[in-house]
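The figures that follow rest on heavy atoms only: side chains count, while hydrogens, waters and symmetry mates do not. Numbers restart at 1 for each chain; the letters A, B, ... are given by sequence-line order, proteins then strands.
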There are 2 protein chains.
Amino acid sequence: MPKDTFYNLAEEKRMKIYGAALDEFSNHPFKQASVNRIVKNAGIAKGSFYQYFKDKKDLYKYLIDEIYKKKITYLTPTMKNPFDMNFFDLLRDIYASGLKFAKDNPQLAKIGYHMLRDSGQEVFNEVIDEKKGEGIQIYKQILELGIKRGDIRSDINLDMSAYFLFQLGNSLSNDFIEFFDTGEEKQVFNLVEGMIEMLKSGIGKK
Amino acid sequence: MPKDTFYNLAEEKRMKIYGAALDEFSNHPFKQASVNRIVKNAGIAKGSFYQYFKDKKDLYKYLIDEIYKKKITYLTPTMKNPFDMNFFDLLRDIYASGLKFAKDNPQLAKIGYHMLRDSGQEVFNEVIDEKKGEGIQIYKQILELGIKRGDIRSDINLDMSAYFLFQLGNSLSNDFIEFFDTGEEKQVFNLVEGMIEMLKSGIGKK
DNA sequence: CTACCTTGTGACCGCCAAGTCATTTTATAG
DNA sequence: CTATAAAATGACTTGGCGGTCACAAGGTAG
């Protein structure tokens, strides 16, 4: 929801602002993110910022949207036909895609990280809580699907399990980023495998 | 590390300040926590606050310390002899004690939650990062112990597994608090059981 | 009653934040 | 070249923050 003036900007200038915004919001939660720093790093005047965006939240929503769009591109085609897949294979693919996204776009991933943490807080939730709710909802749906398919037990607590899978996925993407730097990438992906194995034996049909 | 003037305060007044501080720090991360709000809610003058504490960080460290002390009281005697216990039994007890702590002291738990999230950020880590490091270290130790005892496979990545167990424990205590309100307490504790079962099959010796 | 010391106080300082706006600069069109 | 519209600017307003300090109030001892 930036204004037209923003989209009309020359590519280079627009990207510089975008980059500065990523820098800021990936290193600070919303409330602590500073428009002053963004404009300084983007090399534009404070007033210009408000020609492009209604306010700080406006820019933030825009970024969240971009993240969302980008993240979706990481879902493989097979994932879009969840009916044909075994629950655990599907889950593994989802987690792996999240990890890959975080690896390729560490800044975007960090913004997502802060986003989820800001979620509980404040009045400002509108956008965020919605996105979070959607995320949990998706896991709930694939759990239901898994039950119908007979992949997993039917006596599990749906809400709690969905919440758990959601947290686990985010933990993988956000918290295990540190291990990418240390060249333990393969092990992180192995972790996903191990995790799926665990889940299988834990809530899989015996 | 509050000043003597704080400890000399009448019980009632001291507790009112303590309560106001808990309120503030359980609802805001450190940077966003406001001394102004604390003094207003505690019914004391701004200047008085600085008679009791050197600065905001001083109060915060004090709270962290209190949390730490309180949390330790939740560890059962058996847990203090980890050598005699099976790794998974030990882990279950640790998680369960953390959950019980969070249930009995939701405000303290929330402060801990914010603490861990603040950890990555800023210069201010000194105290926090130390506590976090200690936590991970403990899991690493019990993992090593578990390997020696033959409870778990020896080919796991120690650092990553320790990190994972740490995150999982915190996730249980902090994120699943919401399910306590909805009367799903038993299910949360069942979740711990299930989780342990999962881990057992996942990294347990076959 | 006085002198002294501890504790309590809130106006005040400097800083940084988000957002505004009168003015200037630049681009466009006739 | 001129007139008009669009975009860029940074000084400014308002407000909250952490922290200070000169002073007032209260307690205690001689």
How many whole angstroms separate atom [atom1] of [X] from atom [atom2] of [N]?
X	N	atom1	atom2	result
A:R37	C:dC16	CZ	P	10 Å
A:I38	C:dC16	CD1	P	17 Å
B:F30	D:dC17	CZ	C1'	12 Å
A:R14	D:dA8	CZ	P	13 Å
B:E24	D:dG18	CD	P	8 Å
B:L59	D:dC17	CG	P	15 Å
B:K40	D:dG15	NZ	P	14 Å
B:H28	D:dG16	NE2	C1'	13 Å

In plain terms, say whether A:D65 and A:K61 are close enough for a salt bridge, that is, a side-chain N and a carboxylate O under 4.0 Å apart.
-> no

Should A:D151 and A:R149 count as an ion pair when the cut-off is N to O under 4.0 Å?
-> yes

Across the strands shown, which category fits [X] at heavy-atom distances under 4.0 angstrom: base, sugar-phosphate, nothing?
X	value
A:F6	nothing
A:Y52	sugar-phosphate
B:K56	sugar-phosphate
B:K3	nothing
B:K13	sugar-phosphate
A:S48	base

Cation-aromatic face contact B:K56/B:F30, 6.0 Å, 45 degrees | yes

Is any N or O donor-acceptor pair between the side chain of A:Q51 and the base of D:dA8 shorter than 3.5 Å?
-> yes

On a plain distance test, is the side chain of B:K46 in donor-acceptor contact with the base of C:dA11 below 3.5 Å?
-> no

Closest to the side chain of A:Y50, out of C:dT9, C:dG19, D:dG18, is C:dG19

State whether A:S34 places a side-chain N or O below 4.0 Å from either non-bridging phosphate oxygen (OP1 or OP2) of C:dA17.
-> yes

Please walk me through it: do B:R153 and B:D155 pass salt bridge (Lys or Arg N to Asp or Glu O under 4.0 Å)?
-> CA-CA 6 Å; B:R153 297 206 315 258; B:D155 63 339; 2.9 Å; yes

Exactly one candidate in A:Q107, A:H28, A:R37 meets side chain to side chain donor-acceptor pair (under 3.5 Å) with A:D23; the answer is A:Q107

Ranking A:G47 and A:N36 by the position along DNA chain C of their nearest nucleotide, the one closer to 5' is A:N36

